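Below is one structure, written out as structure tokens; the observations come after it.
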Amino acid sequence: MKLSLSVPADFNLHRTIYSHGWSSLPPFSTEKNRILLSRADELPSGGVVFYSISQPKKKLLTIDVDAKKGAAEHRSEILRQVKSCLRLDEDYSEFYRVSKKYPHFRWTAKTGAGRLLRAPSVFEDAVKMICTTNCSWALTKIMVNNLCRKLGKKIAADIYTFPSPKAVARVTEAFLRKEIKAGYRAPYLLELSRRIVNGDLDMESWRISTKPTPELYDEVTGVKGIGPYAAANILKLIGRYDYLGIDSWCRKQFSTMYKDGRKVSDRTIEKFYNHYGAWRGLFFWLDLTKHWYEKEYPF
DNA sequence: GCGTCCAGGTCTACC
DNA sequence: GGTAGACCTGGACGC
């Protein structure tokens, strides 16, 4: 089954797929030499699907739903998931208007950069974000792969969905430590999942929250295992760009770009991007990753 | 092949 | 409010 979806004129699938590392973590996957994003999904209705997204025309996406790898009849649900992951319902015209004021950032509007790929659920984004903390990218990939393979639903050979909060909540801390390789993050993942299942935590409401960002930031950092770095990046995937989310890679990259490799404090970096206002987190990220598209993606 | 060391973000205890 | 140490793993390195 093939679905079509019209997209805003400023949308660029290539830029969104490679906006950060999510496209190389399951249940997302990409293909070498093709601008194509695939995903295995367990839909809110319970159906499982596998689909691939391409952009044959500037204002049109094609979604190829593989009928052999899951039920293909969930048309509206699939479209809703794709729109959410690719940030198609969000308006970036204000961001591009601001970016045009800065010669250093005029390229963002010209290339359609800015939409950061996200998962259909905040839960998946949050779990993955915790799995990026205090470890190498290689270990993040191992943890997320294990989560999908051992707790997700199998769709086809080597294709699994991301586990639901319920699926994570029913395993033990020892399982998460040893089988998923989450190590000391295991109690964080377990508490997060169990709080969702018990109804103590409604992460999904963060995407539609009208709370001021600092208030939401406090709520996000209130979840065990989510500190300043993870919270800032989760907020970016919600559409709030007030915080930078500086990690060791960002510090190094900033230092290389602007300080001849000298050590820099986070305060210096924050001051550097402060005048970009509510969009500073997005300017910060696009600035540090601009070279990816000219050289090679690091994930 | 084995042992040691280091990097990485967050939490907790302590000052 | 700031700081030190623990947490855990993979990878780099030396032997």
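Since the structure is predicted, the reported quantities are computational estimates derived from the model, not experimental observations. All chains are named by letter (A, B, ...) in the order of the sequence lines, taking the proteins before the strands, and each is independently numbered beginning at 1.
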Worksheet item: Taking only residues at least two apart or on different chains, which pairs with a member in residues 196-228 of chain A satisfy ring-ring contact (aromatic ring centres under 6.0 Å, His included)?
Response: A:Tyr217-A:Tyr243
Discussion item. Using whole Å, what does the distance between atom P of nucleotide B:dG8 and atom CH2 of A:Trp137 come to?
Written reply: 15 Å
Item to complete: Could you check which residues of residues 234-246 of chain A get a heavy atom under 4.0 Å from DNA chain C? Sort them by number, please.
Response: none
Discussion item. Hydrogens and angles aside, do A:Asn233 and A:Lys236 bring a side-chain donor and acceptor to less than 3.5 Å of each other?
Written reply: yes
Fill in: Pair A:Tyr241 and A:Phe283, ring centroids less than 6.0 Å apart
no
Worksheet item: For the side chain of A:Tyr229 and the base of B:dG8, is some donor closer than 3.5 Å to an acceptor across the two?
Response: no
Discussion item. List the residues meeting side-chain hydrogen bond (donor to acceptor under 3.5 Å, both in side chains) with A:Ser84, not counting sequence neighbours, and say none if there are none.
Written reply: A:Arg118, A:Arg207
Worksheet item: Does A:Arg115 use its side chain to pair, donor to acceptor, with the backbone of A:Arg87 at less than 3.5 Å?
Response: yes
When you compare the protein's N or O atoms with those of nucleotides 11-14 of chain B, which come within less than 3.5 Å of each other, and at what distance?
{"residue": "B:dC11", "atom": "OP1", "partner": "A:Gly225", "partner atom": "N", "Å": "2.6"}
{"residue": "B:dC11", "atom": "OP1", "partner": "A:Ile226", "partner atom": "N", "Å": "3.4"}

Worksheet, complete the sentence: Sequence neighbours excluded, the answer for side-chain hydrogen bond (donor to acceptor under 3.5 Å, both in side chains) partners of A:Glu42 is A:Lys153
Response to the item:
Span of DNA chain C engaged by chain A, first through last nucleotide within the 4.0 Å heavy-atom cut-off, is C:dC7 to C:dG11
Discussion item. When you measure from the centre of the six-membered ring of A:Phe28, is the NZ or CZ of A:Arg39 closer than 6.0 Å and no more than 45° off the axis?
Written reply: yes
Discussion item. Counting only side-chain nitrogens and oxygens, does A:Ser248 get under 4.0 Å of the OP1 or OP2 atom of B:dG8?
Written reply: yes
Worksheet entry | A:Tyr276/A:Phe284 under ring-ring contact (aromatic ring centres under 6.0 Å, His included): CA gap, chis, key distance, verdict | CA-CA 9 Å; A:Tyr276 294 107; A:Phe284 160 75; over 10 Å; no
Worksheet item: Any ion pair linking A:Arg194 and A:Asp200 (charged N to carboxylate O, less than 4.0 Å)?
Response: no
Worksheet entry | Position toward the 5' end of DNA chain C (nearest nucleotide), A:Lys181 or A:Arg267 | A:Arg267
Worksheet item: With a non-hydrogen cut-off below 4.0 angstrom, is A:Ala182 in contact with a base, only sugar-phosphate, or nothing?
Response: nothing
Worksheet item: Are a donor atom and an acceptor atom from the side chains of A:Asp41 and A:Tyr51 found within less than 3.5 Å of each other?
Response: yes
Worksheet item: When the distance from CZ of A:Arg185 to C1' of B:dT10 is rounded to whole Å, what number comes out?
Response: 10 Å
Discussion item. Between A:Ser255 (side chain only) and A:Arg251 (backbone N and O only), is there a donor and an acceptor less than 3.5 Å apart?
Written reply: no
